[in-house]
Amino acid sequence: MSSALALRDAVLDEGSFRSWDTAPLQVATSEQYRAELAAAAEKSGLDESVLTGEGTVFGRRVAVLACEFDFLAGSIGVAAAERITAAITRATAERLPLVASPASGGTRMQEGTVAFLQMVKIAAAVQLHKREHLPYIVYLRHPTTGGVFASWGSLGHVTAAEPGALIGFLGPRVYEHLYGEKFPEGVQTAENLYRHGVIDGVVALPQLRSVLDRTLAVLCDPPGPAPAVPAADPIPDTAAWDSVLTSRRPDRPGSEFVLRHGTTDPVQLSGTATQMLLALARFGGQPAVVLGQRRLGMLGPEALREARRGMALAAGLRLPLVSIIDTAGPALSAEAEQEGLAGEIARCLAELVTLEVPTVSVLLGQGSGGPALAMVPADRVLAAQHGWLAPLPPEGASAIVYRDTEHAPALSAAQGIRSADLLRNGIVDAIVAEHPDAADEPRAFTERLSATIAVELHRLRTMSDLERVGTRLHRYRRIGL
């Protein structure tokens, strides 16, 4: 269990911290409670269960608030809540990114329902901070439970937790006393929540400063200068079916390879529960939120909900969105239907085409069905030479038209699914060459692709939101006419 002071010192540049705290409100109504507060202060060395202030992280000014569990189990009463709310409000007024680190058993039982209601004003302050497009980064420490986790502990743009931390809504002790049995082991752990996509990562305190540096590099540092425009390589005429087969090579570079080798300052978000990668990164100095369909997977509702989270993150932080498409198609199952796959496709499609930040979509490989379409409509659409887009995999189209799969090669040509056809029809804006196949030159191909993405992101930044969105909507109104 790390202390608030240890958290502060691990994250901030040495000697940079300046406290924002004033004397806490006097709210104790009984001698017993006053004695408990005095004992907590002596034990923790702090005057309340939370400290607030500002400092720098590799020279970047940030606001910090951190709970101290040794002060009455980090519980939040009126005085602590007022200190937290004042700090968030000040961070908003001074336009600072905010790093919040709860370690709390929840609201303070000694103050009852009044303390419980303090979560409302803290959540409101966080939401107003985020409405100003200011980063809110959460680091959950052991333990974080109850109303704290269910309010400001769960509102981060980016949320990590320390290894082995107990994280959960219902405190296990409360559960055991209420129901006469222990809460199932292994559920309320940082690692399990990461696996299920509830939090974005598990980060040990000594590594937190480095992760925070990369995160702030994307969220706060200005974009780099205009990148060099890559040379336009000639695109050979390739049969559509050949591209389909090439796109299915298991050794072809996918979204994760592009993130690892084609970006700087990458910070992967969320767990591995879905077929959708979500990250923060820079392409050639241009910051972006990155969505990437994981190769060779079938996408279900959860993956598309993750995509919508990425869209909301981009909009909330005023960052461009880069969507990488590479899917064999939708998950075809009873579960997918019952969990609203069609509705998630529809919402993704509608939200992406009207998103008010710059958007770039990349047809990296397979672009099959609704989950591919849901991530296509961007300001600029790029395609790898062997990337393609179709309502169904060619075998599925052949099964509908001919009641067999033998006509897949002919139908893939007739439907105009290959990158060259998409370019001619105004669906794609540029093709990134493969020599002759990205799987044979993964690093070189990724460098060309990333350089092209960087150029497009820089160009889009020169347009106003109104012009950019208007141009995008006009484009999709005119396709096929």
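Computed over heavy atoms, backbone and side chain alike; hydrogens, waters and symmetry mates excluded.
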Next item on the list: Would you please name every residue forming a salt bridge (Lys or Arg N to Asp or Glu O under 4.0 Å) with Arg260, sequence neighbours left out?
Entry: none

Notebook entry, point to check: Does NZ or CZ of Arg209 lie under 6.0 Å from the centre of the six-membered ring of Phe58, at an angle within 45° of the ring axis?
Noted result: yes

Check: ring-ring contact (aromatic ring centres under 6.0 Å, His included) with His133: which residues, sequence neighbours excluded?
Finding: none

Next item on the list: State which residues pass side-chain hydrogen bond (donor to acceptor under 3.5 Å, both in side chains) with Thr215; sequence neighbours excluded, sorted by chain then number.
Entry: none

Next item on the list: Please say whether more than 12 non-hydrogen atoms of neighbouring residues, nucleotides or ligands are located less than 6.0 Å from CD in Glu94.
Entry: yes

Check: Any ion pair linking Arg141 and Glu162 (charged N to carboxylate O, less than 4.0 Å)?
Finding: no

Check: Do the side-chain N and O atoms of Thr52 and Arg90 include a donor-acceptor pair separated by under 3.5 angstrom?
Finding: no

Next item on the list: Tell me, please, which residues at least two apart from Asp9 pass salt bridge (Lys or Arg N to Asp or Glu O under 4.0 Å).
Entry: none

Checklist line | Contact summary for Pro222 and Arg282, nearest pair of heavy atoms | finding: O-NH2, 3.1 Å

Note to self: Quick check: do Pro230 and Val455 have side-chain heavy atoms less than 4.5 Å from each other?
What the structure shows: yes

Item checked: Enclosure of Phe169 CZ (heavy-atom neighbours >12, cutoff 6.0 Å) -> no

Margin query: To check you understand the geometry: which heavy-atom pair defines the closest contact between Ala125 and Ile88, and what is its length?
Written below: O-CG2, 3.4 Å

Quiz: residues 329-345 side-chain donor-acceptor pairs under 3.5 angstrom, not counting sequence neighbours:
from   : atom 1 : to     : atom 2 : distance (Å)
Ser333 : OG     : Ala336 : N      : 3.0
Glu344 : OE1    : Arg308 : NH1    : 3.1
Glu344 : OE2    : Arg347 : NH2    : 3.4

Margin query: Can you list everything that forms a side-chain hydrogen bond (donor to acceptor under 3.5 Å, both in side chains) with Arg461? Sequence neighbours excluded, please.
Written below: none

Margin query: Counting neighbours of CD1 on Ile479 that are heavy atoms of other residues, nucleotides or ligands and sit closer than 6.0 Å, is the number greater than 12?
Written below: yes

Notebook entry, point to check: Thinking salt bridges, do Arg295 and Asp251 make one under a 4.0 Å N-O criterion?
Noted result: no

Run the side-chain donor-acceptor check on residues 373-381: report pairs under 3.5 Å with partners two or more places apart or on a different chain.
from   : atom 1 : to     : atom 2 : distance (Å)
Asp379 : OD1    : Arg472 : NE     : 2.8
Asp379 : OD1    : Arg472 : NH2    : 3.1
Asp379 : OD2    : Thr359 : N      : 2.8
Asp379 : OD2    : Thr359 : OG1    : 3.1
Asp379 : OD2    : Arg472 : NH2    : 3.1
Arg380 : NE     : Glu456 : OE1    : 2.8
Arg380 : NH2    : Glu456 : OE2    : 3.3

Item checked: Non-neighbouring partners of Arg83 that pass salt bridge (Lys or Arg N to Asp or Glu O under 4.0 Å), sequence neighbours left out -> Asp21, Asp47

Notebook entry, point to check: Which residues pass the side-chain hydrogen bond (donor to acceptor under 3.5 Å, both in side chains) test with Arg95, sequence neighbours left out?
Noted result: Glu132

Item checked: Pro266 to Ala281 - nearest heavy-atom pair and separation -> CA-CB, 4.1 Å

Next item on the list: Mind checking ring-ring contact (aromatic ring centres under 6.0 Å, His included) for Phe17 and listing every partner two or more places apart, or none if nothing turns up?
Entry: none

Item checked: Those residues that, when tested against Gln188, pass side-chain hydrogen bond (donor to acceptor under 3.5 Å, both in side chains) (two or more places apart) -> none

Less than 3.5 Å apart, which donor and acceptor atoms pair up between the side chains of residues 147-155 and the rest of the protein, not counting sequence neighbours?
from   : atom 1 : to     : atom 2 : distance (Å)
Ser151 : OG     : Gly147 : O      : 2.6
Ser151 : OG     : Val148 : O      : 3.4
Ser154 : OG     : Phe149 : O      : 2.4

Notebook entry, point to check: Once you round to the nearest 0.5 Å, how far does OG1 of Thr327 lie from CG of Leu364?
Noted result: 12.0 Å

Check: Between Arg448 and Glu434, is the closest basic N to carboxylate O distance under 4.0 Å?
Finding: no

